[in-house]
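Accompanying notes for the structure given below.
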Amino acid sequence: MAVMATGEYLRAARDACERAFGFLITDLGYRRDRRRFQWGGFLLRYRGPVIGVQVAWYPRDELTVWLVKLVDGGFPPYPVTIHPSTDLHYFDLGDLEAICGRERRVSQWELYALPSDETAGALGDSLRDCGAALLGGDLAQLPLLERRIRDRARTHTIAWLGEEAAHELGW
């Protein structure tokens, strides 16, 4: 049995994600926008005409999949904080699964490990099922996603700062 070096494990994990999300290119005509190793992990981006998909894994973080509403055809910066007036462009696959009533097939703990064909495949399948309309350019689900994100930000702000301070911030 051959022993893989750390870089080989990371490359194999990235390759598993590329296989799981390859349908974006082959079935939907998306383009690979970015593919790079960074900070001990990796980032993959795929660009469609209206929506992009960002897949990333870093040590001590879970495998994440973001649907991104593109701005002028590109990936906008991710907002540091969310306020009532923040333009939302990044939507976590977990939120999309929640509004679609789909339970994730892998545990959160499994997502912290290097991605495998099983974990990446489960997220890829979920994106294909829950995100078909969004990936095709139908933005009808965005208001539900935005409401979910704003409700969570409001609840978090009230819990952290108190109701009066949150109200002063517009919540």
Side-chain angles (χ1 to χ4, degrees), residues 17 20-21 23-24 28 30-31 33-34 36 38-39 41-113 115 119-171:
C17 289
F21 295 93
F23 74 93
L24 293 166
L28 300 174
Y30 276 49
R31 293 187 340 234
D33 184 74
R34 184 165 291 166
R36 69 177 177 203
Q38 61 184 20
W39 308 314
F42 60 86
L43 172 76
L44 301 170
R45 282 184 172 171
Y46 302 91
R47 187 188 315 198
V50 178
I51 296 292
V53 175
Q54 178 174 294
V55 179
W57 180 87
Y58 301 103
R60 294 177 299 283
D61 286 336
E62 59 186 274
L63 175 62
T64 58
V65 178
W66 294 95
L67 288 98
V68 183
K69 188 169 95 177
L70 301 176
V71 175
D72 297 327
F75 285 79
Y78 185 81
V80 175
T81 57
I82 296 174
H83 300 286
S85 61
T86 302
D87 287 333
L88 299 177
H89 298 282
Y90 284 76
F91 306 95
D92 184 85
L93 177 59
D95 288 320
L96 181 61
E97 289 169 328
I99 68 168
C100 291
R102 181 181 176 125
E103 287 194 36
R104 190 161 272 179
R105 292 188 343 218
V106 294
S107 74
Q108 184 177 13
W109 296 113
E110 289 175 291
L111 296 176
Y112 279 97
T119 55
L123 296 186
D125 289 346
S126 185
L127 177 62
R128 185 190 308 253
D129 294 344
C130 296
L134 274 171
L135 294 171
D138 178 354
L139 304 182
Q141 291 173 304
L142 286 187
L144 290 172
L145 287 168
E146 288 180 1
R147 185 172 345 128
R148 181 176 168 82
I149 292 165
R150 289 188 198 288
D151 287 349
R152 186 172 50 237
R154 179 182 182 278
T155 300
H156 177 76
T157 302
I158 290 170
W160 186 47
L161 299 175
E163 200 163 321
E164 187 175 318
H167 183 70
E168 290 174 12
L169 293 172
W171 294 110

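Basis for what follows: all heavy atoms, side chains included, without hydrogens, waters or symmetry-related copies. The first residue in the sequence is number 1, and the count goes up from there. These numbers come from a predicted model, not from an experiment.
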- Message: L96 vs F91, test: side-chain contact (heavy atoms from CB on, under 4.5 Å). Steps then yes/no.
- Response: CA-CA 7 Å; L96 181 61; F91 306 95; over 6 Å; no
- Value for CG (L123) from CZ (R128), rounded to nearest 0.5 Å, stands at 13.0 Å
Can you list, pair by pair, the side-chain donor-acceptor contacts under 3.5 Å of residues 65-87, counting residues two or more places apart and other chains?
from: T81; atom 1: OG1; to: H83; atom 2: NE2; distance (Å): 3.0
from: T86; atom 1: OG1; to: H83; atom 2: N; distance (Å): 2.7
from: T86; atom 1: OG1; to: H83; atom 2: O; distance (Å): 3.2

- Checking side-chain contact (heavy atoms from CB on, under 4.5 Å) for the pair E97/D129: CA distance, chi angles, key distance, verdict? CA-CA 9 Å; E97 289 169 328; D129 294 344; over 6 Å; no
- Message: Can you confirm whether T64 sits close enough to Y58 that some side-chain heavy atom of one is under 4.5 Å from a side-chain heavy atom of the other?
- Response: no
- Quick one: does W57's side chain get under 4.5 Å of L111's, heavy atoms only? no
- salt bridge (Lys or Arg N to Asp or Glu O under 4.0 Å) with D125: which residues, sequence neighbours excluded? R105
- Query: Which pairs count as side chain to side chain donor-acceptor pair (under 3.5 Å) when at least one residue sits in residues 161-171, sequence neighbours excluded?
  - Reply: none
- Any side-chain heavy atom of L63 within less than 4.5 Å of one from V106? no
- Query: Is there side-chain contact between I149 and Y90, with at least one heavy-atom pair below 4.5 Å?
  - Reply: no
- Can you tell me how far CG of L161 sits from NE2 of H156, rounded to the nearest 0.5 angstrom? 8.0 Å
- Main-chain N/O of A122 paired to S126 side chain as donor or acceptor, under 3.5 Å: no
- Is there side-chain contact between V53 and L44, with at least one heavy-atom pair below 4.5 Å? no
- Message: Using side-chain heavy atoms (C-beta onward) and a distance below 4.5 Å, is L88 in contact with L145?
- Response: no
- So which pairs with a foot in residues 149-162 pass salt bridge (Lys or Arg N to Asp or Glu O under 4.0 Å), sequence neighbours left out? D95-R152
- If you look at every heavy atom in Y30 and I51, which pair is closest and at what distance? CE2-O, 3.1 Å
- Minimal heavy-atom distance between A120 and A20, with the atoms involved, is O-CB, 3.3 Å
- Task: Under the side chain to side chain donor-acceptor pair (under 3.5 Å) rule, collect the residues that match up with Q108, sequence neighbours excluded.
- Result: E62
- Contact summary for G94 and R104, nearest pair of heavy atoms: N-NH2, 3.5 Å
- Taking all non-hydrogen atoms of both residues, which atom of Y46 and which atom of C17 are closest, and how far apart? OH-O, 4.5 Å
- Item | Student check: side-chain heavy atoms of C100 and Q141 closer than 4.5 Å | yes
- Query: Is a side-chain N or O of W160 found less than 3.5 angstrom from the main chain of T155, in a donor-acceptor match?
  - Reply: no
- Note on the structure: Distance col, row I99:CD1 vs L144:CG, nearest 0.5 angstrom, shows 5.0 Å
- CG/D33 to CZ/R45 distance, rounded to the nearest 0.5 angstrom? 6.5 Å
- Message: The criterion is ring-ring contact (aromatic ring centres under 6.0 Å, His included); which residues satisfy it with F23, sequence neighbours excluded?
- Response: none
